[in-house]
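For reference, the structure discussed in these notes is given below.
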Amino acid sequence: MGNFTAVIIDFETTGLSPNMGDRTIEVGAVLIDNNRIVDKFQSLMNPGMRISTFIEEYTGITNKMLSTAAPVKDVMKNLARFIHQHHLVAHNASFDCKFLDAELARISHKRKNDFACSLLSARRIYQDAPNHKLETLVRYKNIKTDGTYHRALADAEMTAHLWLRMMADIKSEYGLKNVTFQLMQQLGKVPKKKVGEFLKKNGA
DNA sequence: TGCCAGGCCCTCTTTAGGGCCTT
């Protein structure tokens with residue numbers, strides 16, 4: 001393993017809030033090491049409830065597909081092994097973090113991994129982008145895709161490429177030798193007008 | 001019955017409101 005590894009993760013869910021009873025229905029995750037994807041994890045999961053027509057149409061995941069999928073708790077055990085002790089990244093991490101924590105709690109696991117957010121980083125690095133949706137940013141940076149959106153592994157892979165691209169872009173723009181997870185994480189909290197100042201001061 | 005996410009971030013701001021993101 002190189003000195004920079006992270007797992008980029010994405011969930012498809014029955015809705016927006018685990019506090020309102022929503023569950024995860026698919027997870028996709030990729031391990032990045034030395035600026036490339038070196039491992040992948042994907043699974044549908046049966047949430048034990050029917051999903052809405054909106055979610056079927058939004059994701060392409062149907063109730064029929066989920067009827068034969070493994071229970072959420074079984075997938076979560078495997079997911080916990082995959083993410084291990086790696087740093088975690090997601091696009092709008094607060095969303096994926098709350099679902100991950102809620103599902104891990106159901107199997108009496110507790111997340112110890114740090115989370116970073118590609119949405120917060122992108123809002124600072126690409127301030128001229130039309131907007132900061134994952135799909136828009138992928139097109140804005142000409143990141144290759146197979147045209148699949150709103151499926152967990154496809155979105156995790158696109159987020160990983162976006163994340164690597166953001167690190168490369170601030171490296172070249174500010175002449176940085178090394179961009180750490182912690183720097184990217186902290187960047188997400190820096191006031192937008194102070195991004196240049198922050199990177200010049202903290203980037204080694 | 002009717003309610004219903006929540007964190008970030010900007011601004012006509014902080015005794016608030018609303019758009020952006022995620023499904």
Side-chain angles (χ1 to χ4, degrees), chain A residues 6-30 42-66 69 72 75-76 79 83 88-106 111 113-141 143 145 148-163 165-166 184-198:
Chain A
V7 167
I8 290 72
I9 191 167
D10 183 75
F11 286 108
E12 304 307 313
T13 71
T14 64
L16 292 172
S17 174
N19 289 337
M20 299 294 293
D22 288 314
R23 301 293 306 273
T24 56
I25 59 173
E26 188 184 37
V27 60
V30 299
Q42 182 274 336
S43 185
L44 290 171
M45 39 193 152
N46 189 334
M49 60 195 277
R50 286 190 65 80
I51 62 171
S52 67
T53 301
F54 171 80
I55 294 297
E56 284 192 322
E57 290 175 353
Y58 186 78
T59 64
I61 298 167
T62 63
N63 280 291
K64 187 178 180 186
M65 290 161 69
L66 295 178
V72 178
V75 176
M76 283 296 143
L79 177 64
I83 67 177
L88 297 175
V89 178
H91 199 69
N92 199 10
S94 66
F95 176 86
D96 295 281
C97 183
K98 69 186 177 183
F99 273 100
L100 177 61
D101 288 353
E103 296 294 5
L104 287 178
R106 286 171 176 265
R111 173 185 56 86
N113 318 53
D114 288 337
F115 245 109
C117 180
S118 56
L119 169 63
L120 295 181
S121 298
R123 280 178 175 160
R124 285 157 178 80
I125 297 171
Y126 304 135
Q127 298 193 20
D128 294 335
N131 61 58
H132 299 87
K133 293 177 185 175
L134 179 60
E135 184 170 346
T136 303
L137 290 166
V138 162
R139 296 202 167 120
Y140 182 67
K141 299 308 293 182
I143 291 167
T145 76
T148 303
Y149 294 95
H150 307 306
R151 285 299 299 268
L153 185 59
D155 284 4
E157 288 179 315
M158 288 187 288
T159 303
H161 289 301
L162 174 66
W163 187 250
R165 179 62 177 273
M166 287 195 288
M184 292 292 284
Q185 192 181 39
Q186 289 165 16
L187 178 62
K189 301 177 193 170
V190 173
K192 285 186 187 174
K193 289 177 180 174
K194 296 195 172 181
V195 168
E197 184 184 322
F198 170 80

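Since the model is a prediction, treat every value here as computed from it, not as a measurement. Below, chains carry the letters A, B, ... as their sequence lines are ordered, and counting in each starts from 1.
The OH-P distance, from A:Tyr140 to B:dC21, rounds to 13 Å in whole Å. To the nearest angstrom, C1' of B:dC21 lies 11 Å from CG of A:Leu137. In this structure, A:Tyr149 atom OH and B:dT23 atom C1' are separated by 17 Å, rounded to whole Å. Separating the CD atom of A:Gln127 from the P atom of B:dC20 is a distance of 17 Å, rounded to the nearest angstrom. Atom CG in A:Asp96 sits about 15 Å away from atom P in B:dC8, given to the nearest Å. Atom pair A:Lys189:NZ and B:dC8:P shows a separation of 9 Å (rounding to whole Å applied). Put simply, CZ on A:Phe115 is 19 Å from P on B:dC21, counting in whole angstrom units. Counting to the nearest Å, the C1' atom of B:dT22 and the OH atom of A:Tyr58 are 7 Å from each other.
In this structure, A:Glu12 does not pair ionically with A:Arg151, as no charged nitrogen and carboxylate oxygen lie closer than 4.0 Å.
Considering only the side chain of A:Arg123, B:dC20 comes nearest among B:dT22, B:dT23, B:dC20. The side chain of A:Leu120 lies closest to B:dC8, out of B:dC8, B:dC21, B:dT23. Nearest to the side chain of A:Asn92, among B:dG6, B:dC8, B:dT23, sits B:dG6.
Across all strands, A:Leu134 comes closer than 4.0 Å only to sugar-phosphate atoms, never to a base (heavy-atom distances). Backbone-only contact: A:Phe11 has heavy atoms under 4.0 Å from sugar-phosphate atoms and none from a base. Within 4.0 Å (heavy atoms only), A:Asp22 reaches no atom of the nucleic acid at all.
The side chain of A:His150 places an N or O atom within less than 4.0 Å of a non-bridging phosphate oxygen (OP1 or OP2) of B:dT23. Residue A:His132 places no side-chain N or O under 4.0 Å from the OP1 or OP2 atom of B:dC20.
Here the closest heavy-atom approach between residue A:Gly28 and residue A:Ala156 is recorded as O-CB, 3.6 Å.
For A:His150 (side chain) and A:Ile55 (main-chain N/O), no donor-acceptor pair under 3.5 Å exists by modelled atom type. At distances below 3.5 Å, at least one donor-acceptor pair connects side-chain atoms of A:Asp22 with backbone N or O atoms of A:Leu16.
Each of A:Lys133 and A:Gly188 was matched to the nucleotide of DNA chain B holding its nearest heavy atom; the match closer to the 5' end belongs to A:Gly188. The nearest heavy atom of DNA chain B to A:Ser94 and to A:Thr13 marks one nucleotide each, and the one closer to the 5' end goes with A:Ser94.
B:dC3 and B:dC9 are spaced 31 Å apart, taking the P atom of each and rounding to whole Å. Taking atom P on both nucleotides, B:dC4 is separated from B:dG18 by 14 Å, rounded to a whole Å. Between the C1' atoms of B:dT13 and B:dG17, the separation comes to 9 Å (whole Å). B:dA16 and B:dC12: their C1' atoms are spaced 11 Å apart (whole Å). Rounded to whole Å, the C1' atom of B:dA5 lies 11 Å from the corresponding atom of B:dT23.
Tested against A:His91 for a side-chain contact (heavy atoms from CB on, under 4.5 Å), the candidates A:Ser121, A:Cys117, A:Ser118 yield a single pass: A:Ser118.
Considering only heavy atoms from C-beta on, A:Tyr149 stays 4.5 Å or farther from A:Lys133 through its side chain.
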Between the protein and nucleotides 1-5 of chain B, list the N/O to N/O atom pairs that are separated by less than 3.5 angstrom.
unit_1	atom_1	unit_2	atom_2	d
B:dA5	N3	A:Lys98	NZ	3.4

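With sequence neighbours excluded, no residue forms a salt bridge (charged side-chain N to carboxylate O under 4.0 Å, His left out) with A:Arg123.
Using a 30° and 60° split on the angle between ring planes, A:Phe95 and A:Phe99 fall in the tilted class, from 30° to 60°.
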